[in-house]
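When a ligand or atom number is given, it counts from 1 through the structure's own listing order. Count residues from 1 along the sequence.
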Amino acid sequence: MKILVANLGSTSLKWRLFDFSNHAERLLHKGGFERVTDYPKAIEDCLAALQAAGVIASESDLAAVGFKTVIARDVTGCVRLDDQVLAAMAAYNGLAPAHNPPYITGIKLFAQRMPSVPLIGLFETAFYQFAPEAMTRYAVPAAWHAAGIRRWSFHGASHKFVAERSAELLGRDDVASRARRLYLDGGPASLQGAPPLRVISCHLGGSSSVTGILNGAAIGSSMGMSPQSGLPQNNRVGDLDAEAIPYAVKTLGLTLEEAQRQLSKESGLKGLSGLSNDMREIAGAAAQGHAGARLALDHFVCSARHWIGAFFLELNGADALVFTAGIGENQAEIRAAICANLDGLGLQLDLAKNAATRATEAVISTPDSQVKILVVPTNEELVVARETKRFLDNLTTL
Ligand code: ADP
């Protein structure tokens, strides 16, 4: 079974082709185009590239195309992208202005080009659909909530990958198999008396979030209605008091649009460091004594610890703390700063193992650490392909 995962930007098309034959998962091809001006042609060129590579003879070899869609009104999970779902995505264009419009346009073009190939979307919000309401509500009037102003949370594909893989690594196949079936079962199934599995997943990268995971399902996340909240992001602000924006508009004489631009382009790690939005550069400069870089790094670490602490309490402890994404997988010094002085909570980092771990799966806690500390490289496209496959398999077994 061959599944194409297409990543759609307003001027980019990237893809990966997976094959799930014989119980194996294989990446057959990956590629992409930037600065796309003619999207129908880009889709045509993608198919031509797959044919030239000999991995498909025609689009009829594709069991489906999977998309990492972001958000839609009253729709989440892994679903077929029909006209109703596309309309539900359009209804929330305002919540994901950079993502929903290009996805809707691109998906319609895929549908025109290959009407017989199922188009399946895995929404980034899917992983949070079973989180308790108390964790996802904002304390706003009911009409605001009805308009979509609530904690939706994002990075769902990445944290779902961590949920499944960490359960496997911790020897909890019972949880791993429930995590795999989460969307098909409509929520976490009972563990039938087995102890709970409590995981705190830290996706630290260009954008960052911390998610609490109980028995393979998210209980909450640091991200909110938009990816503007939670940890400071590369250029984006992270958590901010709701009064700050009207105050800045009035006292700094900014338009609302300019305030929004500054919060999404000039803030976060870039704004704090006054130097860069890249954590590699920030960590290097902090080590050389750059005050802004030191502040950005320290703020990032404080914020990560704040959210880890929140989920540690909510989960009544943790079995594992997991690091993933660009910073989490590669930057040992940031992992060490986040894990410093937590022995009172049962977390003991093995400093040598941590320092030696880069972009690879590893246990980086000491053998005595009650809470295992893991590095798990994420693979969001694979999650989209896997969920698409599960969706199709489920259709045939219904
Ligand atoms: P995105 O969210 O855009 O997918 P990534 O997950 O690739 O981003 O993370 C980007 C961040 O991760 C950057 O701040 C960068 O400093 C850090 N990073 C990425 N790759 C590496 C690496 N090989 N070594 C150290 N840091 C890295």
Side-chain angles (χ1 to χ4, degrees), residues 5-16 30 32 34 67-68 70 96 98-99 102 122 124 127 153-162 165 201-211 221-223 226-238 264-288 290 292-301 303-304 307 322-338 354-362 364 374-384:
V5 176
N7 186 329
L8 314 182
S10 51
T11 59
S12 67
L13 169 64
K14 295 181 196 143
W15 67 84
R16 291 194 191 190
K30 70 175 188 176
E34 304 276 358
F67 299 88
K68 189 160 66 84
V70 176
H99 294 98
L122 174 66
E124 282 285 64
F127 194 44
S153 306
F154 302 89
H155 289 148
S158 179
H159 290 296
K160 176 80 159 43
F161 184 86
V162 168
R165 187 63 190 141
S201 172
C202 305
H203 176 112
L204 310 179
S207 63
S208 301
S209 63
V210 175
T211 288
S221 160
S222 57
M223 276 192 172
S226 79
Q228 279 278 24
S229 49
L231 277 68
Q233 319 293 352
N234 51 6
N235 309 318
R236 300 196 307 265
V237 64
S264 62
K265 300 270 194 275
E266 305 290 338
S267 299
L269 297 175
K270 186 178 172 196
L272 271 181
S273 68
L275 182 72
S276 165
N277 64 9
D278 189 309
M279 194 53 110
R280 275 169 287 202
E281 221 176 306
I282 291 171
Q288 305 281 321
H290 187 290
R294 168 56 55 197
L295 178 64
L297 197 148
D298 289 350
H299 177 73
F300 183 82
V301 168
S303 179
W307 283 99
V322 183
F323 289 99
T324 194
I327 297 171
E329 292 167 26
N330 293 294
Q331 290 192 261
E333 68 273 38
I334 308 257
R335 295 192 299 251
I338 291 173
N354 179 48
T357 299
R358 209 182 168 95
T360 178
E361 206 167 80
I364 55 171
L374 308 176
V375 174
V376 174
T378 195
N379 193 337
E380 293 165 286
E381 291 80 9
L382 178 60
V383 172
V384 175

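- For the side chain to side chain contact (heavy atoms under 4.5 Å, CB included) test, residues two or more places apart in sequence or in another chain that qualify with Ser207 are His155, Met223, Gln233, Arg236.
- Shown here are the side chain to side chain contact (heavy atoms under 4.5 Å, CB included) partners of Thr378, two or more places apart in sequence or in another chain: Ser158, Phe161, Thr324, Glu329, Glu380.
- By the 4.5 Å heavy-atom criterion applied to side chains, Asn330 and Arg358 are counted as neighbours.
- With sequence neighbours excluded, no residue forms a ring-ring contact (aromatic ring centres under 6.0 Å, His included) with Phe154.
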Could you give the N/O to N/O pairs under 3.5 Å linking ligand 1 and the protein, each with its distance?
residue: ligand 1; atom: 2 (O); partner: Gly206; partner atom: N; Å: 3.1
residue: ligand 1; atom: 6 (O); partner: Gly326; partner atom: N; Å: 2.9
residue: ligand 1; atom: 8 (O); partner: Gly206; partner atom: N; Å: 3.2
residue: ligand 1; atom: 9 (O); partner: Gly206; partner atom: N; Å: 3.1
residue: ligand 1; atom: 12 (O); partner: Ile327; partner atom: N; Å: 3.2
residue: ligand 1; atom: 14 (O); partner: Met279; partner atom: N; Å: 3.1
residue: ligand 1; atom: 16 (O); partner: Asp278; partner atom: OD1; Å: 2.5
residue: ligand 1; atom: 16 (O); partner: Met279; partner atom: N; Å: 3.0
residue: ligand 1; atom: 16 (O); partner: Arg280; partner atom: N; Å: 3.1
residue: ligand 1; atom: 24 (N); partner: Arg358; partner atom: NH2; Å: 3.0
residue: ligand 1; atom: 26 (N); partner: Gln331; partner atom: OE1; Å: 3.3

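- The line from CD1 of Ile334 to SG of Cys202 is 12.0 Å long, rounded to the nearest 0.5 Å.
- More than 12 heavy atoms of other residues, nucleotides or ligands sit less than 6.0 Å from atom NE2 of His290.
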